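These notes are about the structure you will find just below.
Both ligands and their constituent atoms are indexed starting at 1 by order of listing. Keep in mind that this is a model prediction, so the values were computed, not measured. Atoms considered below: every heavy atom in the structure, side chains included; atoms not considered: hydrogens, waters and symmetry mates.
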Amino acid sequence: MKIPGVHHLPIPTPFQVGAINAYLLDGPPLTLIDVGPYTEKALASLESQLSDLGHQIEDIEQVLITHPHMDHFGLAGEVKRRSECKVIAHPDAVEKLKDFEGFYLREQDYFGEFLVSMGMPTQMVQMLTEFPKSFSLLAPPVDVDDTLVEGDQIQIGSLQFDVLETPGHSPASLCFYEPTYQGLFAGDHFIDGITPNPLLEMPQPPETERPKSLVLYLESLEKINRLDLKVVFSGHRNICTDPQRVIDQSFLHQEKRSKKVLDMLKEEALTAFGLMEKLFPNLPATEQFLGMSEAVGHLDCLVNQGKAQTRTSENIIYYEAT
Ligand SMILES: [Zn+2]
Ligand SMILES: [Zn+2]
């Protein structure tokens, strides 16, 4: 399934997930949806794929950012510097794009305390919240020129997109839906073959409560489940031409795991860390944040449904079945 004027540009990343998918839309305006991380390899790949299509970076007129993760937006500043294009993202992404390193240092502070309250041993928390300096090199600062929110529409060539807010994987996640071709540009909200990973996030000022990422993710998945969808252009892996299968699998996966977690809580009260160790024994250090994101996510969902409740003992939070 192709949409005329849409080109798929896989861009390499240094991460385990592999390439990210950027998309070039002929326009006008000549548009990139996501760009890749700021690495020499990614830049060379973007340049050569643009050149195969008869373009160069200097021609780009706008860059849409699906969500503020460095594998997706890192090169945006470089593209903007060379092309003077507009960079467009969700309002909640603006600060992070402008100061990725500062954002992560604040996050490190927040998660230091939070993960201890979730039962994680202090030493492990220290290891986990140490921000690798090299990360900030992959995402130099970029100023956002325009923002998009739910209900906005954008015209790119003959394509007219509805903007959808899809928080969950990331709070500032945007999807772009084209009703004529029933195509969705989904960033990391929808990836064929990777179970969704709604990551732990710190509260976004003026909010003081941490966003419940998995609860939000499932609501966002419901939102795209209501669309007439033929093709999804994801942020990683393949372009998916049977999206209903992936959506159904995601709901099923969530339901099964939620039931498993509830059964565990019926046996004994657990901290989120304790739950993670039961769900994923011997998780390598590099995967611990993802593991905690998943454990806390399921606990949030059960609390939200009234099936679990929390109890605090010596500043550690325990979850128990109601
Ligand atoms: Zn992402
Ligand atoms: Zn990604």
Side-chain angles (χ1 to χ4, degrees), residues 8-23 32-39 41-43 45-46 63-76 79 87-97 100-101 103-104 107 111 131-132 134-139 142 144 148 164-176 184-202 204 211-214 216-221 223-224 232-240 243 246 250 286-294 296-297:
H8 172 206
L9 318 179
I11 308 286
T13 79
F15 303 111
Q16 197 168 2
V17 67
I20 78 120
N21 296 324
Y23 298 95
L32 276 172
I33 297 182
D34 288 343
V35 277
Y38 185 73
T39 66
K41 264 192 184 168
L43 182 59
S45 167
L46 180 63
V63 172
L64 306 184
I65 304 293
T66 59
H67 67 293
H69 285 168
M70 57 194 159
D71 48 339
H72 296 259
F73 81 85
L75 272 173
V79 171
V87 173
I88 303 172
H90 187 273
D92 290 346
V94 173
E95 284 305 310
K96 202 165 174 180
L97 265 60
F100 190 69
E101 189 175 358
F103 184 91
Y104 264 91
E107 213 168 45
F111 283 125
F131 179 63
S134 57
F135 275 13
S136 59
L137 301 175
L138 301 175
V142 56
V144 171
L148 289 171
L164 304 172
E165 290 178 349
T166 52
H169 170 74
S170 152
S173 167
L174 289 175
C175 289
F176 306 105
L184 184 77
F185 290 82
D188 286 357
H189 179 55
F190 175 114
I191 303 170
D192 189 2
I194 302 181
T195 51
N197 47 0
L199 298 172
L200 279 168
E201 289 281 343
M202 62 181 173
Q204 306 254 336
K212 307 291 187 282
S213 300
L214 185 56
L216 291 169
Y217 173 80
L218 291 166
E219 286 168 10
S220 297
L221 195 62
K223 192 185 276 185
I224 66 165
V232 177
F233 300 86
S234 303
H236 300 275
R237 303 276 183 100
N238 58 305
I239 294 168
C240 179
V246 176
S250 293
T286 49
E287 303 290 315
Q288 299 261 353
F289 191 76
L290 279 180
M292 282 302 282
S293 293
E294 174 135 6
V296 174

Restricting to N, O or S atoms, which atom of H69 is closest to the Zn ion (ligand 1)?
ND1

Suppose we only allow N, O or S atoms; which atom of H169 ends up nearest to the Zn ion (ligand 1)?
NE2

Please find out if the Zn ion (ligand 2) and some N, O or S atom of H236 are separated by less than 2.8 Å.
yes

Looking only at N, O or S atoms in D71, which is nearest to the Zn ion (ligand 2)?
OD2

Please find out if the Zn ion (ligand 1) and some N, O or S atom of H72 are separated by less than 2.8 Å.
no

Looking at the Zn ion (ligand 1), is one of the N, O or S atoms of D188 less than 2.8 Å from it?
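Coordinating: yes.
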
Given 3.5 Å as the limit, does a donor-acceptor pair link the side chain of K41 with the main chain of P14, or not?
no

Donor-acceptor under 3.5 Å (S234 side chain, A186 main chain)
no

Between Y23 and I239, is any pair of side-chain heavy atoms under 4.5 Å apart?
yes

Are F103 and M202 side-chain neighbours, meaning at least one heavy-atom pair lies under 4.5 Å?
yes

State yes or no: are the ring centers of Y217 and H189 separated by less than 6.0 Å?
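When the ring centroids of Y217 and H189 are compared, they turn out to be within the sub-6.0 Å range.
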
